[in-house]
Amino acid sequence: MNTKLLSMREAIERYVHDGHSVAIEGFTAFICFAAGHEIIRQRKHDLTLIRMTPDVIYDQMVAAGVARRLVFSYLGNPGVGSLNCIRRAIEQGIPAPLEIEEYSHFGMIGRYIAGAAHLPFYPLRSYAGSDMPAANSRIQFVQSPYDGETVAVVPPLNPDVAILHAQRADAAGNTQLWGLLGAQKEVAFAAHKVIVVVEEIVEEAVIRADPNRTIIPGLIVDAVVHEPFGAHPSYAQGYYDRDNAFYLEWDDISRDAERTAGWLDEWVYGVKDRAEYVQKLGAATRQRLKPGDAWSQPVNYGDYR
Amino acid sequence: MNTKLLSMREAIERYVHDGHSVAIEGFTAFICFAAGHEIIRQRKHDLTLIRMTPDVIYDQMVAAGVARRLVFSYLGNPGVGSLNCIRRAIEQGIPAPLEIEEYSHFGMIGRYIAGAAHLPFYPLRSYAGSDMPAANSRIQFVQSPYDGETVAVVPPLNPDVAILHAQRADAAGNTQLWGLLGAQKEVAFAAHKVIVVVEEIVEEAVIRADPNRTIIPGLIVDAVVHEPFGAHPSYAQGYYDRDNAFYLEWDDISRDAERTAGWLDEWVYGVKDRAEYVQKLGAATRQRLKPGDAWSQPVNYGDYR
Amino acid sequence: MNTQPVPFAASEMMIVAAARALAGARTVFVGVGLPNIACNLAQRTVAPHLELIYEAGVYGARPTRLPLSIGDPALVSGSLSAMSQADLFSFYLQGGRVEVGFLGGAQIDRFGNLNTTVISAYAKPKVRLPGSGGACEIAIHAQKLFYIMRLSRRAFVQQLDFVTSPGFLAGGDARERLSMPGGGPRLVITDKALFDFNTPDREMRLFSLHPGVALEDVLDNIGWPVKLAQTLTVTAPPTDAELRCIRQELDPAGLYRQ
Amino acid sequence: MNTQPVPFAASEMMIVAAARALAGARTVFVGVGLPNIACNLAQRTVAPHLELIYEAGVYGARPTRLPLSIGDPALVSGSLSAMSQADLFSFYLQGGRVEVGFLGGAQIDRFGNLNTTVISAYAKPKVRLPGSGGACEIAIHAQKLFYIMRLSRRAFVQQLDFVTSPGFLAGGDARERLSMPGGGPRLVITDKALFDFNTPDREMRLFSLHPGVALEDVLDNIGWPVKLAQTLTVTAPPTDAELRCIRQELDPAGLYRQ
């Protein structure tokens, strides 16, 4: 079997280039901060950052100056408040102006589906009566040939690179995910290149023992990165909890551009990779974020001969 | 918790009425023959039968005279040959003429999705250059507002009743399915009434221990029928194999209208319910169709407090 | 029985009013914050069959702790179904399976239209807000729309800076004319009073003052001359049982007791 | 080494020719019958990285037995991914991830258009055939289209009764003008000969006769004056290894040896 295992540094070097459109997806869960930090360390620039919820990871990346443009549907620090760095960029052009392209959640999901399924548009019943179409001319409307009814449509979105975090994959990139599935599958199929980042590398036999859990097939995966704790302060279901304390702390840090820079110096530029970050985080934090067990029951697929 | 448990007789009496459109779905797998036979026994008539692959079950139902119309995408006995009874109805009007409405597989799937998602149409890149749109005016084309490209569309399909077989559900109808997922989820959400038929009734806790496996939520389920071996001669992954010998035998029986009637007399009208059918089938057949074990590994969802 | 009224916070009154409005409801699309705790309270009181739906892709959540974000892992573990967000938005929300949706935002107008996008001009915002998220679709598809917002002149405005999510638009049958599947705004729950839209032109109408709140205090905090119901009621204060449930079971840390 | 040629059935020649045409392929959309066994043979010989995709919703099948239907449970157990058919058709097939698609049918014309729907008029059919299934989409989306059909005048016809699945339509650039994503017909594998479409107008062209088959026997079984390649080759007969693999591993019951 062809192994696609790369270090995060290699994967970002090889697949993320200046000017690229990059989607690090994951709805609250499975947000690959490890990849975002490596992109910052490699000082990529002029990226178009794509995410339904830019979250703290894109707040950090925008503060670090890697982004030129942001495509999104909800610009908040979930459960906390604002994304202060992104607001500074949009409201005051600090550190640089940031172009934005904005949808609703379902609009973003529809764009991913259209991109993944090679459709010229995705129809959805949304945007009627909203000012969003006026703010974004990519949101259009078409008439149904059946009843003449009008329905909104959004165009396909095909990121240059998608980076998806999950619990496990084999070395060929067959990836299994449980918990919040988000739009991980759709964005993976929509992207030109796919980097999968996982908590564990498993034998192909583990994947084949439960094929209904495979959300992303190795067929569309270009690189597999083994990065335990790679989603912190976001989380991987069953492996660790969301670090809410950090999300609250970030709200405070990020209000000030200098403190933000200081945080990036210490936690991104100041560590050489995720392993060092995890070590710096410390055993106490990792222990605090460890959940109890809640195992599913195995199911029988049957051996047919 | 509200139990929705009914016997098959009660479920069909309560939810399937003459003139209804009925979808017994399941692609090769999970085809609920038990429900089809009960519909025949209750001598329902003027039904519109909806299935991607009408399969032997609709061949039997058409022979028994319950159907007025057939909506489908592939009219074959999978791996064997023709559906002889349906061919007799279409080609010779025996026992009665059968109206047909025909799509490709993706067209049927698209109709279910549009029905489930309350969309006025579903777009797909199909039918270009085919004579199918000429044979079915419901297949239309629309222009993309982005590049002027033309794409096919199909209208929503909302069956009066959908009957879906699966491995297990709780008494409220939260249903888990593994193996070939087919279009079970889509047709369930598209239908006005949903009857779920399962091999096992389980505690709600079993469902809640693996929420990613829940394909059909109790929210949209009207009746839950516990009917072990209810898909025979089709199959339920991990529980029993497809009875290929019967599929071959049916090809022979069904070539002759009288032999077909004889089979229906013996195996449908001649038994009072599925339990009697299974008993008549015999232990040797059930043993022949029993697969070996192939268990998935459990996964940890984590206990978060 | 001791009938001495227990003191309560304004946010507790909001939670309780929201929970009561869910009486008998079967499904609710839950947001973070107050709606989340209100739905959990309703499940334990007036709506035992209520199933919680989260835009993160969860149906039938049974969180073992108060979820701190809309995608808390405790929403998944022990839920009835966890699915892709495509399925959630397509089959649950757009499919018409959501009975009540909760929304809140920076600005609301008299017809229940909501702004969660920007203060001032879109292209040159004074304050950039989060934007729609799922709000626009919730507003269009939920059978009933409940708002939870603190009352203030900055929020209850004559003219929105941006319409993110449609309420009754220009009022009357404007919503129906756009064939919107959902029923539109039904209730506005604030820290001072309750409002409905039971007027011919679907304009917001004050119908209940919370205990101890003066009418003027409400009127002063609304940027237009708000309509009044023929009879103004006083909202029943939170019961001991409701407060006990909030304080002991749902929010023992007191995060929502300000 | 014994070089005595082993006798083989025409269907075995078809299976072997199909398998060889898959050399180096990465993904194939597999139908039941001959294509299925050909793909399994290719996996064991010329295309070790070939992954099998089934319209039933399976990617990376590793069947422990010869699947007797397109939805055999042995296709699921041990596969890399089992998914909804919506995902299969949307993301794999329409998404352009299928390299080779196999089709067969009742009638084919010189431009590789296929009829699997009816003999005679659609509204009053003499013979009602299965219809499209996934064939129309496979024909449109697969990067390359391979046909497997027995040669006969009833099948290779001047004029189809119904176009179920488009090949090169009226020939030339007709397919491109409809912006079809897939590359169209590439190869026709029959029990007597092989055909390609390497002509300026994309018309079917005989390029290889199976061992022992006379040119006239081929020409007599085609309903139009078929074009010939400049040099006709003779198809290399099945090797011992290929036959051993078919007979001992893939089809020990001899279902495909007629």
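These numbers were taken from a predicted model, which means no experiment stands behind them. Lettering follows sequence order; numbering is per chain, from 1.
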B:Arg288, CZ atom: more than 12 neighbouring heavy atoms under 6.0 Å: yes
B:Gln92 atom CD, neighbour heavy-atom count above 12 within 6.0 Å: yes
What distance separates [X] [atom1] from [Y] [atom2], expressed to the nearest 0.5 Å?
X: B:Leu180; Y: D:Leu75; atom1: CG; atom2: CG; value: 7.5 Å
X: D:Ser84; Y: B:Tyr112; atom1: OG; atom2: OH; value: 13.5 Å
X: D:Ser69; Y: B:Asp55; atom1: OG; atom2: CG; value: 9.0 Å

Please name the pair of heavy atoms, one in [X] and one in [Y], separated by the smallest distance, quoted to 0.1 Å.
X: B:Glu102; Y: D:Gly131; answer: OE2-CA, 3.5 Å
X: D:Pro130; Y: B:Phe72; answer: O-CE1, 4.1 Å
X: B:Arg125; Y: D:Pro181; answer: CD-CG, 4.2 Å
X: D:Tyr122; Y: B:Ile100; answer: OH-CD1, 3.6 Å
X: D:Gln85; Y: B:Ile109; answer: CB-CD1, 3.6 Å
X: B:His105; Y: D:Glu137; answer: N-OE1, 4.0 Å

Under 3.5 Å: donor-acceptor pair, side chain of B:Glu91, backbone of D:Arg128: yes
Any donor-acceptor N/O pair, B:Ser130 side chain to D:Thr164 backbone, under 3.5 Å: yes
Close side-chain approach of B:Thr28 and D:Asp72, heavy atoms under 4.5 Å: no
Note, B:Tyr127 side chain near D:Ile140 side chain (heavy atom, < 4.5 Å): no
Greatest number of heavy atom pairs closer than 4.5 Å to chain D - which of [options]:
options: B:Gly182, B:Gly110, B:Gly238, B:Ala294; value: B:Gly182
options: B:Val80, B:Thr150, B:Ile90; value: B:Ile90
options: B:Pro78, B:Ser126, B:Ser82; value: B:Ser126
options: B:Arg87, B:Glu149, B:Met108; value: B:Arg87

Toward chain D, the part of B:Tyr235 with a non-hydrogen atom under 4.5 Å: side chain
B:Tyr122 portion near chain D, given a 4.5 angstrom heavy-atom threshold: side chain
So which part of [X] gets closer than 4.5 Å to some heavy atom of chain B, the side chain, the backbone, both or neither?
X: D:Met83; result: backbone
X: D:Lys126; result: backbone
X: D:Ser90; result: both

Among [options], single out the residue with the greatest number of heavy-atom pairs under 4.5 Å to chain B.
options: D:Leu93, D:Ile70, D:Val127; value: D:Val127
options: D:Lys124, D:Arg175, D:His141; value: D:His141
options: D:Gly167, D:Ala135, D:Gly134, D:Gly57; value: D:Gly134
options: D:Pro125, D:Pro166, D:Ala123, D:Ser132; value: D:Ser132

